[in-house]
Amino acid sequence: MNGSGIDYRAVFHALPGAAALLTPGLVYLDVNAAYLAVAGRTREQVIGRHIFDAFPDNPNDPDASGTRNMRASMERAVATGERDAMALQRYDVEDPVRPGVWHERYWSPVNVPVLAPDGSVALLLHRVEEVTELIRARGARSGEDTTQVLESELYSRARELQELNERLRQAHAREREVALHLQESMLPEPSPLAHHQAAVRYRPAAASLNVCGDWYDLVDAPGCTAVAVGDVVGHGLGAAGVMGQLRSALSAASLVADGPAQALEVLGLYSRSIAGAESTTAVSVFIDWNSRTLTYSSAGHLPPALCDPDGTVVFLDRATDPPLGARPEHAPRPQARTAFTEGSVLVLYTDGLVERRREDIDTGLGRLADALARHRGADPSALADALLSELVPPVGVTDDTVLVVLRLEGQADTPIGLHEHA
């Protein structure tokens, strides 16, 4: 048992092959006998030490890249919460008996994050297979000397694969950066809507390309505010482009439609002309400040949450229809109406806030309802931050997330126009 509450020892020591358990800070927590055998160390020489203090690069080799490559893989696994398999590595090891004497070694490593119940990375499982003898045997059969062994086909191809993967990661990172800048330009922070209090948050996914499919929209008209969120199925730059078109179309439709159902009907028809818009989900809520009612309609999207001042939370789920473009023929969409109490809080969001792998969606919705009820008295900005802090895993979300929080109080006396944003 360790500080995360995870009892790992029984299963860890039963693993075949060489394995070590590290903290997220890359300090040795435990190692099995096979790992000690291939590393040529005792438990006392590794437990409690940082892995790269215990096994530094060979100072006699100016081209040594073992620690750099290994660190990048391990930190990537901790940051993303996903398994990271490395290409074949040359990583020399110092002789434990003769300091300053280094032995040429070749390894095939895999780094696997071990998640705590809250989704954070509690441990890092580091597994290695030593292939030094395989490399040497290949060189011996072909009569190659030590220098030629380094250029053996297996090692050379592994290095090429690793370099290619790194170039791909860099290219994905550049695309992600461009897509995020595009997203920011399309989703500016809204200024206060007349007397109403609102806050929005956008959190990009931890993964390189799982960004830019989500959007929000706020449109104010005399006595009414239309708020919407949506989620495009795709990711990256293509999804950002689709998102921008759908968001603009829904903004325009919301100004002239007689309700959210009609606005989503128009958006559904328009989406048929946009490649990549199929199966997009969206939800729209029209807030009537005079009658204190919410009229809403959903195209396959998760239901908005309404929290009364007394802490009662209800999900607006009585007007849910298939996503955009899911029906072969056009059909009217449903809408429902509910009253709200002055001072209530309305929350719209995308699935990155509540969905988790291998978890029922009702669990995530329950988590949202609980956090919303506890923090309902905070102003919208503080409430939005509190929801993200409690609901987003420490390792980040696997899908981009939009969150819109509105406190339902006050009344718009005059229109302020479409998208009066800061």
Side-chain angles (χ1 to χ4, degrees), residues 12-13 15-79 84-113 123-163 165-166:
F12 171 66
H13 285 281
L15 288 173
L21 274 174
L22 309 172
T23 69
L26 309 185
V27 173
Y28 280 107
L29 185 65
D30 203 354
V31 291
N32 64 11
Y35 187 89
L36 293 174
V38 298
R41 298 291 190 274
T42 65
R43 288 180 60 84
E44 292 72 24
Q45 290 175 315
V46 295
I47 299 301
R49 298 188 66 189
H50 193 281
I51 185 172
F52 300 120
D53 290 337
F55 296 99
D57 262 334
N58 183 352
N60 303 316
D61 182 1
D63 296 324
S65 60
T67 60
R68 181 177 70 249
N69 297 337
M70 191 76 74
R71 185 189 296 272
S73 172
M74 289 178 167
E75 291 179 347
R76 194 160 48 241
V78 171
D84 195 277
M86 301 182 66
L88 185 68
Q89 298 290 312
R90 177 185 172 181
Y91 197 138
D92 296 351
V93 176
E94 188 175 20
D95 193 300
V97 179
R98 297 175 294 166
V101 177
W102 293 77
H103 300 287
E104 183 181 294
R105 306 284 284 275
Y106 295 86
W107 311 87
S108 177
V110 177
N111 298 302
V112 182
L123 303 167
L124 184 67
L125 176 61
H126 174 53
R127 304 188 68 176
V128 293
E129 294 292 338
E130 187 183 6
V131 293
T132 306
E133 293 305 319
L134 175 63
I135 296 292
R136 289 173 177 167
R138 180 180 180 85
R141 284 196 302 269
S142 60
E144 297 170 336
D145 60 22
T146 303
T147 302
Q148 290 173 313
V149 169
L150 294 177
E151 300 301 324
S152 68
E153 181 181 350
L154 180 61
Y155 183 53
S156 296
R157 289 188 179 184
R159 289 291 296 271
E160 290 172 5
L161 178 61
Q162 180 170 299
E163 291 170 1
N165 285 338
E166 182 59 30

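- Closest approach of Y28 to A54, counting heavy atoms only: CE1-CB, 4.0 Å.
- R71 contributes atom CZ, which lies 12.5 Å from atom CG of N111 (distance to the nearest 0.5 angstrom).
- Taking every heavy atom of both residues into account, H126 and L22 meet most closely at CB-CD1, 4.3 Å.
- In terms of heavy atoms, P109 sits closest to V128 at CB-CG1, 4.0 Å.
- Annotation: ring-ring contact (aromatic ring centres under 6.0 Å, His included) contacts of H50 (sequence neighbours excluded): F52.
- Partners of D95 under the salt bridge (charged side-chain N to carboxylate O under 4.0 Å, His left out) rule, at least two apart in sequence or in another chain, are R98.
- Judged as a side chain to side chain contact (heavy atoms under 4.5 Å, CB included), and not counting sequence neighbours, the contacts of V93 are R41, F55, R105, W107.
- Under a 3.5 Å cut-off, the side chain of E94 and the backbone N or O of G100 do form a donor-acceptor pair.
- Taking CZ from R90 and CG from N69, the interatomic distance works out to 13.0 Å, rounded to the nearest 0.5 Å.
- A distance of 6.0 Å separates CE in M70 from CD1 in I51, rounded to the nearest 0.5 Å.
- Residues satisfying the side chain to side chain donor-acceptor pair (under 3.5 Å) criterion with Y91, sequence neighbours excluded, are absent altogether.
- With D30 contributing its side chain and L21 its backbone, the two residues share no donor-acceptor pair below 3.5 Å.
- The OG1 atom of T42 lies 9.5 Å from the CD1 atom of I47; values are rounded to the nearest 0.5 Å.
- In this structure, E129 and G17 approach most closely via the heavy-atom pair OE2-CA, 4.1 Å.
- Residues V110 and V112 come closest through the heavy atom pair CG1-CG2, 3.8 Å.
- Between R43 and V31 there is a side-chain heavy-atom pair separated by less than 4.5 Å.
- Residues satisfying the side chain to side chain contact (heavy atoms under 4.5 Å, CB included) criterion with R68, sequence neighbours excluded, are S65.
- Closest of all the heavy-atom pairs between A77 and D84 is CB-CB, 4.3 Å.
- With sequence neighbours excluded, the residues satisfying side chain to side chain donor-acceptor pair (under 3.5 Å) with T67 are D57.
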